[in-house]
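Everything numeric in this text was worked out from a predicted model, so none of it was measured.
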Amino acid sequence: WCELGEIYWKIRLIGALIDSFQELFTSSDIDYSLASCDDKSLYVSSRTSKHGNLILIRNLGEDEKDVKIKIKDYGEKFIRIGRKTAIILPYNLKLPNNWILEFSTAQVFYSYELNGRTILILYGKEGEEHEVTLVHPFSNEKEDIKFKIKEKDEFKLILDKFSDLLVVTLNEKRAARTWFVEHIGKKIAIISGFDLLRNYEDQENKITASIDFKKG
């Protein structure tokens with residue numbers, strides 16, 4: 001049994017984002033004017049497309065920072081970024097069923113549709129406080145959510161006559177250990193504490209899986 005290293009879990013987080021928003025990544029352009037920061041020690045750039053935008057903020061310094069990010073035609077947002085780390089934040093990101101993720105200070109792990117419901121999985125470091133603004137499909141009404149990242153997973157269901165949206169907030173470790181299976185032709189997220197989904201078999205009314213738990 002070989003325990004997977006931290007780099008593997010970081011790659012899983014990025015890989016899930018790319019998989020969830022493939023159309024954005026394959027059709028986007030680099031844009032240095034969408035977002036900016038007065039703190040010149042931070043690197044800020046964006047990827048923009050008709051499917052939405054992602055803002056990359058990188059802190060190569062030795063200290064955690066609370067900074068103000070200016071977004072063109074939107075305003076200012078305050079975020080916290082750890083030392084020697086990078087975060088990717090969504091702006092006007094198109095979700096399934098015509099929902100729009102206007103902005104989130106928490107990072108996006110994955111978003112998909114399941115039986116008419118939009119699923120949005122967000123994550124951050126435990127103890128962080130975050131805010132999210134979502135735009136309802138067709139009515140364009142806005143939904144503001146504030147939450148704190150906890151050890152336990154949190155769920156919030158937003159009702160809409162066209163498509164409900166389930167917001168799932170996880171700590172970074174739990175997000176990295178969320179696995180996906182296909183069942184009856186639909187993708188299902190398995191939020192878990194186990195370290196590896198080796199394989200699974202999709203049967204008529206159940207899924208049988210081979211998994212590894214953390215050593216010990």
Side-chain angles (χ1 to χ4, degrees), residues 1-27 51-52 54 88 90 93-101 104 106-126 130 132 134 136-138 143 145 147 149-216:
W1 199 96
C2 180
E3 188 170 356
L4 299 168
E6 284 304 311
I7 293 178
Y8 172 79
W9 301 116
K10 295 291 185 183
I11 292 173
R12 283 210 81 238
L13 294 172
I14 297 171
L17 180 67
I18 294 173
D19 184 53
S20 185
F21 298 98
Q22 294 181 35
E23 290 183 330
L24 186 157
F25 281 96
T26 56
S27 65
H51 303 287
L54 294 171
I88 301 174
L93 190 61
K94 292 185 178 180
L95 305 178
N97 300 323
N98 296 302
W99 281 89
I100 300 291
L101 176 51
S104 170
Q107 297 190 80
V108 178
F109 176 71
Y110 214 87
S111 183
Y112 65 106
E113 184 268 342
L114 182 62
N115 297 332
R117 174 172 290 170
T118 302
I119 312 292
L120 174 62
I121 305 175
L122 304 171
Y123 72 94
K125 294 189 180 299
E126 197 170 319
H130 289 286
V132 174
L134 292 150
H136 283 253
F138 307 111
E143 194 87 31
I145 306 172
F147 58 90
I149 300 293
K150 302 176 182 178
E151 181 180 1
K152 293 183 178 180
D153 315 327
E154 297 283 335
F155 302 84
K156 180 175 178 60
L157 180 62
I158 302 173
L159 301 178
D160 186 274
K161 63 181 180 180
F162 296 104
S163 169
D164 297 339
L165 186 146
L166 180 65
V167 180
V168 184
T169 58
L170 311 173
N171 62 51
E172 188 176 63
K173 182 178 180 180
R174 292 278 288 176
R177 288 159 179 80
T178 295
W179 306 88
F180 293 95
V181 298
E182 296 282 342
H183 183 53
I184 318 178
K186 295 188 179 291
K187 178 172 287 188
I188 298 174
I190 301 179
I191 301 167
S192 70
F194 54 81
D195 274 5
L196 184 63
L197 173 65
R198 289 192 175 274
N199 54 66
Y200 71 92
E201 182 179 351
D202 181 17
Q203 299 173 345
E204 184 177 352
N205 60 353
K206 66 179 179 180
I207 294 171
T208 303
S210 174
I211 60 177
D212 285 359
F213 292 89
K214 186 174 178 63
K215 189 174 181 180

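- Considering only heavy atoms from C-beta on, V108 comes within 4.5 Å of L101 through its side chain.
- L166 places none of its side-chain heavy atoms less than 4.5 Å from the side chain of L114.
- Taking the six-membered ring where tryptophan is involved, the planes of Y123 and F109 are perpendicular, since the angle between them exceeds 60° and thus also 30°.
- Side-chain N or O atoms of T118 include one that pairs as donor or acceptor with a backbone N or O of P96 at under 3.5 Å.
- Taking CD1 from I207 and CG from N205, the interatomic distance works out to 10.5 Å, rounded to the nearest 0.5 Å.
- Partner R174 forms a side chain to side chain contact (heavy atoms under 4.5 Å, CB included) with one of V168, I149, I121, I191 and no other, that one being I191.
- Here the side chain of N171 pairs a donor or acceptor atom with the backbone of K173 at under 3.5 angstrom.
- The backbone N or O of T208 lies less than 3.5 Å from no partner atom in the side chain of E201, so there is not a single donor-acceptor pair.
- Contact annotation: the side chain of L17 never approaches that of Q107 to less than 4.5 Å [non-hydrogen atoms, C-beta and beyond].
- For K150, the NZ atom is loosely surrounded, since the number of other residues' heavy atoms within 6.0 Å does not exceed 12.
- Within the 4.5 Å cutoff, no side-chain heavy atoms of F162 are placed close to those of N98.
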Derivation of the side-chain contact (heavy atoms from CB on, under 4.5 Å) call for I158 and W99: CA-CA 11 Å; I158 302 173; W99 281 89; 3.8 Å; yes
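- Between L165 and L95, the closest side-chain pair of non-hydrogen atoms falls below 4.5 Å.
- Side-chain contact between D160 and N97 is absent, with no heavy-atom pair separated by less than 4.5 Å.
- The NE2 atom of H136 sits 4.0 Å away from atom CD of E143, with the distance rounded to the nearest 0.5 Å.
- Rounding to the nearest 0.5 Å places OG1 of T178 at 9.5 Å from CD1 of I190.
- T169 places no side-chain N or O within 3.5 Å of a backbone atom of L122 that could act as its donor or acceptor partner.
- Inter-residue side-chain proximity for I119 and E113 is flagged as unmet; no heavy-atom pair is nearer than 4.5 Å.
- Between Y110 and F180, the ring planes lie tilted relative to each other; the angle falls in the 30° to 60° range.
- The side chain to side chain donor-acceptor pair (under 3.5 Å) pairs that include a residue from residues 4-17 are K10-E172, where partners are two or more places apart or lie in different chains.
- Here the straight-line distance linking atom NZ of K187 with atom CG of D19 works out to 4.5 Å at 0.5 Å rounding.
- Other residues, nucleotides and ligands place no more than 12 heavy atoms under 6.0 Å from the NZ atom of K125.
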Please test K94 against L24 for side-chain contact (heavy atoms from CB on, under 4.5 Å), starting from the C-alpha separation and ending with a verdict. CA-CA 9 Å; K94 292 185 178 180; L24 186 157; over 6 Å; no
Step-by-step side-chain contact (heavy atoms from CB on, under 4.5 Å) determination, W179 to I211: CA-CA 10 Å; W179 306 88; I211 60 177; over 6 Å; no
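- Within a 6.0 Å sphere centred on CG of L159, other residues, nucleotides and ligands contribute more than 12 heavy atoms.
- More than 12 heavy atoms of other shown residues, nucleotides or ligands fall within 6.0 angstrom of atom CD in Q203.
- Under a 3.5 Å cut-off, the side chain of S20 and the backbone N or O of S111 do form a donor-acceptor pair.
- Within a 6.0 Å sphere centred on CD of E182, other residues, nucleotides and ligands contribute more than 12 heavy atoms.
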After noting the C-alpha distance and the side-chain angles of D202 and V181, does the key distance pass the side-chain contact (heavy atoms from CB on, under 4.5 Å) rule? CA-CA 8 Å; D202 181 17; V181 298; over 6 Å; no
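- The shortest heavy-atom contact between A106 and P90 is O-CD, 4.0 Å.
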